[in-house]
Protein chains: 2
Amino acid sequence: MNNGRFPISLHILTLLARAGGNLLSSDFIAGSINCNPVIVRKEISNLRNAGLVESKEGKNGGATLAKAAENIMLSDIYGAVRQSSLLGNSRNTPNPDCAVGRDINTHLENLYAEVEDVLVNKLHGITLADFSRQFD
Amino acid sequence: MNNGRFPISLHILTLLARAGGNLLSSDFIAGSINCNPVIVRKEISNLRNAGLVESKEGKNGGATLAKAAENIMLSDIYGAVRQSSLLGNSRNTPNPDCAVGRDINTHLENLYAEVEDVLVNKLHGITLADFSRQFD
DNA sequence: TTGTACTGTAATAACATTAATTACAGAATG
DNA sequence: CATTCTGTAATTAATGTTATTACAGTACAA
């Protein structure tokens with residue numbers, strides 16, 4: 001995960017957590033992140049699919065949290081944005097005629113699963129409320 | 001870390017761990033990984049700087065482990081290849097006129113440090129010997 | 001009931017990162 | 001001294017990410 005999706009999503013959610021239920025527009029949010037509003041809307045769309053935010057179309061529309069910040073774990077955010085494995089994968093498929101090449105992907109997957117488990121557990125212990133309280 | 005450096009380095013080191021002290025050429029290693037030999041040499045150069053491998057130039061040259069596989073922790077490998085933060089960073093600097101934008105990078109850094117800590121601890125508990133034994 | 005201010009989404013372009021390739025100097029061996 | 005390797009720089013190709021443009025659709029409010 002080398003891209004900015006986790007920090008951007010966390011930034012969006014922190015703003016929403018601090019908005020006290022008021023709807024925030026993608027333009028406003030993009031102004032705080034300093035990125036394009038379309039990126040914000042895409043990310044909000046993803047967070048909505050994950051059940052973390054709700055949004056309203058039309059004039060005076062915008063986004064708000066779908067549930068209390070106390071009930072959103074950082075692991076939920078991670079789960080919503082995760083796409084590639086934590087420690088990366090080689091682009092090419094290793095040589096199946098080599099004992100190591102043949103099985104390395106299996107063993108890597110197992111390792112990654114273990115490692116990701118401790119990471120997710122850690123993130124599960126921190127709520128969005130915890131994180132956003134830091135900005136007071 | 002979305003790139004292939006960790007898996008490639010682990011692949012290289014696994015091959016070396018199983019070579020029983022014999023020198024392996026970058027061509028041989030690249031054939032197992034299925035990548036370009038120059039990539040292997042670059043990665044070996046990095047692992048050498050990290051004190052994990054030794055290499056010999058010239059005819060019949062190649063690479064070998066710099067210490068016993070029991071004494072190489074997966075956290076050492078992670079440390080040797082890590083470059084960007086685990087959960088990514090936004091490309092642009094956030095708006096300093098916003099309470100969240102102003103401080104988010106500090107709080108992200110703190111969070112990432114905590115999270116990376118549990119990851120590194122986990123990797124510290126697994127040796128290269130443990131990992132490469134799986135291929136027997 | 002129409003103008004305005006939003007969201008949602010697709011398509012494309014610009015940019016950044018990563019891996020592959022080419023090239024070649026230098027080292028060790030037989 | 002030809003051969004087989006490493007080391008490294010420079011370039012190109014491939015891929016991934018973010019920004020931009022465009023526009024249909026929705027809700028509000030005058």
Side-chain angles (χ1 to χ4, degrees), chain A residues 1-9 11-12 15-16 19 22-50 52-64 66 81-85 87-94, chain B residues 1-9 11-12 15-16 19 22-50 53-64 66 81-85 87-95:
Chain A
M1 177 127 45
N2 215 349
N3 61 21
R5 292 190 62 203
F6 181 83
I8 286 175
S9 284
H11 194 142
I12 292 170
L15 289 169
L16 296 182
N22 292 320
L23 293 174
L24 299 184
S25 74
S26 61
D27 254 63
F28 174 84
I29 296 171
S32 172
I33 298 175
N34 187 17
C35 74
N36 194 287
V38 176
I39 303 293
V40 172
R41 295 205 285 272
K42 267 190 201 155
E43 220 48 65
I44 283 176
S45 167
N46 181 57
L47 294 169
R48 189 175 48 240
N49 291 336
L52 303 180
V53 311
E54 286 170 354
S55 55
K56 190 185 158 203
E57 293 184 36
K59 194 170 182 179
N60 302 327
T64 188
V81 301
R82 87 144 271 174
Q83 37 191 18
S84 61
S85 56
L87 299 175
N89 283 113
S90 180
R91 229 126 85 164
N92 308 322
T93 66
Chain B
M1 176 128 45
N2 215 350
N3 62 22
R5 293 189 61 202
F6 180 83
I8 285 175
S9 285
H11 194 143
I12 291 170
L15 289 169
L16 296 181
N22 293 318
L23 294 173
L24 300 184
S25 73
S26 60
D27 255 62
F28 175 83
I29 296 172
S32 172
I33 297 175
N34 186 18
C35 74
N36 195 286
V38 176
I39 302 294
V40 172
R41 295 205 286 274
K42 266 190 202 155
E43 219 49 63
I44 282 175
S45 167
N46 181 58
L47 294 169
R48 189 175 50 241
N49 291 336
V53 311
E54 285 170 355
S55 55
K56 191 184 157 202
E57 293 184 35
K59 193 170 181 180
N60 302 327
T64 187
V81 302
R82 86 144 270 173
Q83 38 191 17
S84 62
S85 58
L87 298 176
N89 283 113
S90 180
R91 229 126 86 164
N92 308 322
T93 68
N95 188 345

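Quick note: numbers below take in every heavy atom, side chains included, and nothing from hydrogens, waters or symmetry partners. Chain identifiers are assigned alphabetically (A, B, ...) following the order of the sequence lines, protein sequences preceding nucleic acid strands; residue numbering begins at 1 within each chain.
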Taking the side chain as everything from C-beta on, heavy atoms only, tell me whether A:Arg91 gets closer than 4.5 Å to B:Asn3. no

Separation of D:dG16 atom P from A:Asn89 atom CG, nearest Å, is 12 Å

Whole angstrom value for the distance that separates C1' of D:dT17 from CG of B:Asn92: 12 Å

Are B:Ile12 and B:Ile33 close enough, and set up right, to give a side chain to side chain contact (heavy atoms under 4.5 Å, CB included), and what steps lead you there? CA-CA 8 Å; B:Ile12 291 170; B:Ile33 297 175; 3.8 Å; yes

Under a 3.5 Å distance rule, please check whether A:Asn34 uses its side chain to pair with a backbone N or O of A:Gly31 as donor and acceptor. no

Tell me the interatomic distance from B:Ile44, atom CD1, to D:dT8, atom C1', rounded to whole angstroms. 14 Å

Is there any protein nitrogen or oxygen under 3.5 Å from a nitrogen or oxygen in nucleotides 26-30 of chain D, and what are the pairs?
from: D:dT26; atom 1: O4'; to: A:Glu57; atom 2: OE1; distance (Å): 3.1
from: D:dT26; atom 1: O2; to: A:Gly58; atom 2: N; distance (Å): 3.3
from: D:dA27; atom 1: N3; to: A:Lys59; atom 2: N; distance (Å): 3.3
from: D:dC28; atom 1: OP1; to: A:Lys56; atom 2: NZ; distance (Å): 2.9

Is the closest side-chain heavy-atom distance between B:Glu54 and B:Arg48 below 4.5 Å? no

Please list, in numerical order, the residues of residues 22-38 of chain A that have a heavy atom closer than 4.0 Å to any atom of DNA chain C. A:Ser25, A:Ser26, A:Val38

Within-4.5 Å side-chain heavy-atom neighbours: B:Ser84 and B:Asn89: no

Between N or O atoms, less than 3.5 Å apart, protein on one side and nucleotides 12-16 of chain C on the other: list the pairs.
none

Separation of atom CZ in A:Arg41 from atom C1' in D:dA22, rounded to whole Å: 11 Å

Whole angstroms only, please: what is the CG-P distance between B:Asn46 and C:dA19? 13 Å

Verify, without hydrogens or angle tests, whether B:Ser45 (side chain) and B:Arg41 (backbone) share a donor-acceptor contact under 3.5 angstrom. no

Can you confirm whether B:Leu15 sits close enough to B:His11 that some side-chain heavy atom of one is under 4.5 Å from a side-chain heavy atom of the other? yes

Tightest non-hydrogen contact, residues A:Pro7 and B:Gly88, listed as CG-O, 3.4 Å

B:Ser45 side chain near D:dT8 phosphate (N/O to OP1/OP2, under 4.0 Å): yes

Are B:Val53 and B:Thr64 packed together at the side-chain level, in the sense that at least one heavy-atom pair is separated by less than 4.5 angstrom? no

Let me know the distance between CD1 of B:Ile39 and P of D:dG7, rounded to the nearest Å. 15 Å

Closest contact, heavy atoms only, B:Ala63 versus B:Ile44: CB-CD1, 3.9 Å

Main chain of A:Ala19, side chain of A:Asn22: is a donor-acceptor contact present, judged purely on distance under 3.5 Å? yes

Can you identify which nucleotide, out of D:dT18, C:dA20, C:dT18, has its nearest atom closest to the B:Asn3 side chain? C:dT18

Any side-chain N or O of A:Arg48 below 4.0 angstrom from OP1/OP2 of C:dG8? yes

In whole angstroms, how far is the C1' atom of D:dT17 from the CD atom of A:Glu43? 12 Å

